[in-house]
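Remarks on the structure that follows.
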Amino acid sequence: MGTPRVLWSITKKCFTVGVITLTVSDLFASIVPVRGASMSPTFNPKTNSLLDSLSDDRVLVEKLCLRNYKFSHGDVIVFSSPNNHKEKHVKRIVGLPGDWVGTIYDVVHIPEGHCWVEGDNTASSLDSRSFGPVPLGLVKGRVTHVLWPPHRVGTVDRKTSQNRVSSSSSASKF
Amino acid sequence: MGEWSRSVIPIARGLCLLYLTNKYLGTTVITYGPSMLPTLNITGNLVLVERISTRTGKLRPGDVVIFRSPETPRKIVCKRLMGMEGDQVTYIVDPKNSDRCKTIVVPKGHVWVEGDNIYNTKDSRNFGAIPYGLLQGRAFWTLLPRKDFGSLAPKPR
């Protein structure tokens, strides 16, 4: 009857929806699964509840912060790994440019344009303690909300550790 | 209502396609500054940048690349790729004052970039090897000024 025309119209609609979704997820926000326990208990806490052990947490990552690259202490960010650009990590910002961060062995100065990230689960987290300060140009977004599992839906709060970080006067000035 | 939405959706689709092409296929970039003389002018060049090589990892030493500055994330910088991860790079530490050379191995996941004008450039000699994730594209063709129209050839090292 008009099957090719119907097929073409459906294809065009799918294409339009796909293109617009891709653009929105690139520019505004996207939903991302979190793997691993390095941010436990904020993401993927290993409790005995059924939903927790069935699947990974899903979080909302906003991309509007990439307009100005202005972050605050305690923000949870998604960034490309400095050792392998194909991998992405989710960690919390502990130090901003100009800060001095205390690790076990010494005190590190965060250079301009870099940040110090650490996982909430300090015992099992591969973070700036291993690969050093991370350039802010690698940041791909900021995690604002947990969307799955349903009983832990909510905003992701900023958590700062004042005792280990000495910052210059204003937190996000650079 | 129907009439209005019939024209907005193609416009939105067109803009989104433009954005996606810009972000994933290729874009044009205006360069300025003395650090890539004589390849690029001080006053400015309009160059064509493709983003496919950075995504597939098919970059080679000698390519002119653009990347986010490791010191100022909002700034895009244009330099020449000199070493991939694992390569040994020998460079003159301070060309204006001495001839001292240094050899380093580029760490995993990083690349070494240098400006063609070694006397006036801030590059990996100053801020070290940069993570591959900072690379934004490969500049392969100069559009303007007209007398420089042509490909950016890889400089033999």
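Since the structure is predicted, the reported quantities are computational estimates derived from the model, not experimental observations. Per chain, numbering begins at 1; letters A, B, ... match sequence-line order.
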**Fill in**
Here the pair of heavy atoms bringing A:Asn83 nearest to B:Lys108 is O-NZ, 3.5 Å
**Complete:** The interface call for B:Tyr132 against chain A, heavy-atom contacts under 4.5 Å, is both
**Request:** State the CD1-CD1 distance between A:Ile20 and B:Ile9, to the nearest 0.5 angstrom.
**Result:** 6.5 Å
**Asked** Picking from A:Val17, A:Asp26, A:Val24, which has the most non-hydrogen pairs under 4.5 angstrom with chain B?
**Response** A:Asp26
**Request:** Name the region of B:Leu134, side chain, backbone, both or neither, that has any atom closer than 4.5 Å to a heavy atom of chain A.
**Result:** both
**Asked** So do B:Pro131 and A:Ser80 actually touch side chain to side chain, heavy atoms under 4.5 Å?
**Response** no
**Request:** Return the minimal non-hydrogen interatomic distance between A:Val19 and B:Cys16, and the atom names on each side.
**Result:** CG1-CB, 3.3 Å
**Asked** Can you name the closest pair of heavy atoms from A:Arg67 and B:Arg74 and give their distance?
**Response** O-NE, 3.5 Å
**Asked** Should we count NZ of A:Lys159 as having more than 12 external heavy atoms under 6.0 Å?
**Response** yes
**Asked** Which atoms of B:Arg13 come close to chain A, meaning under 4.5 Å heavy atom to heavy atom: side chain ones, backbone ones, both, or neither?
**Response** both
**Minimum-distance pair of heavy atoms, taken over all atoms of B:Thr54 and A:His85** = O-NE2, 4.4 Å
**Prompt:** Shared ILVMFWY cluster between A:Leu96 and A:Val76, side chains joined below 4.5 angstrom?
**Reply:** no
**B:Tyr24 atom OH, neighbour heavy-atom count above 12 within 6.0 Å** = yes
**Contact class of A:Phe79 relative to chain B, heavy atoms under 4.5 angstrom** = neither
**Complete:** Rounded to the nearest 0.5 Å, the CG atom of A:Leu136 sits from the OG1 atom of B:Thr72 at a distance of 10.0 Å
**Asked** With hydrophobic residues grouped by side-chain heavy-atom distances under 4.5 Å, do B:Ile66 and B:Ile130 end up in a single group?
**Response** no
**Message:** Is any side-chain heavy atom of A:His114 closer than 4.5 Å to one of B:Pro70?
**Reply:** yes
**Item:** Hydrophobic cluster membership, A:Leu60 vs A:Val34, 4.5 Å side-chain cutoff
**Value:** no
**Request:** Inspect the surroundings of CD1 in B:Ile30 and state if more than 12 heavy atoms from other residues, nucleotides or ligands are less than 6.0 Å away.
**Result:** no
**Message:** Heavy-atom count check: over 12 atoms from other residues, nucleotides or ligands less than 6.0 Å from B:Asp99 CG?
**Reply:** no
**Item:** Side chain / backbone / both / neither for B:Lys23 at chain A, heavy atoms under 4.5 Å
**Value:** side chain
**Request:** Look at atom NZ of A:Lys88 and say whether more than 12 heavy atoms of other residues, nucleotides or ligands are closer to it than 6.0 Å.
**Result:** no
**Prompt:** Transitively linked via ILVMFWY side-chain contacts under 4.5 Å: B:Phe67 with A:Leu66?
**Reply:** yes
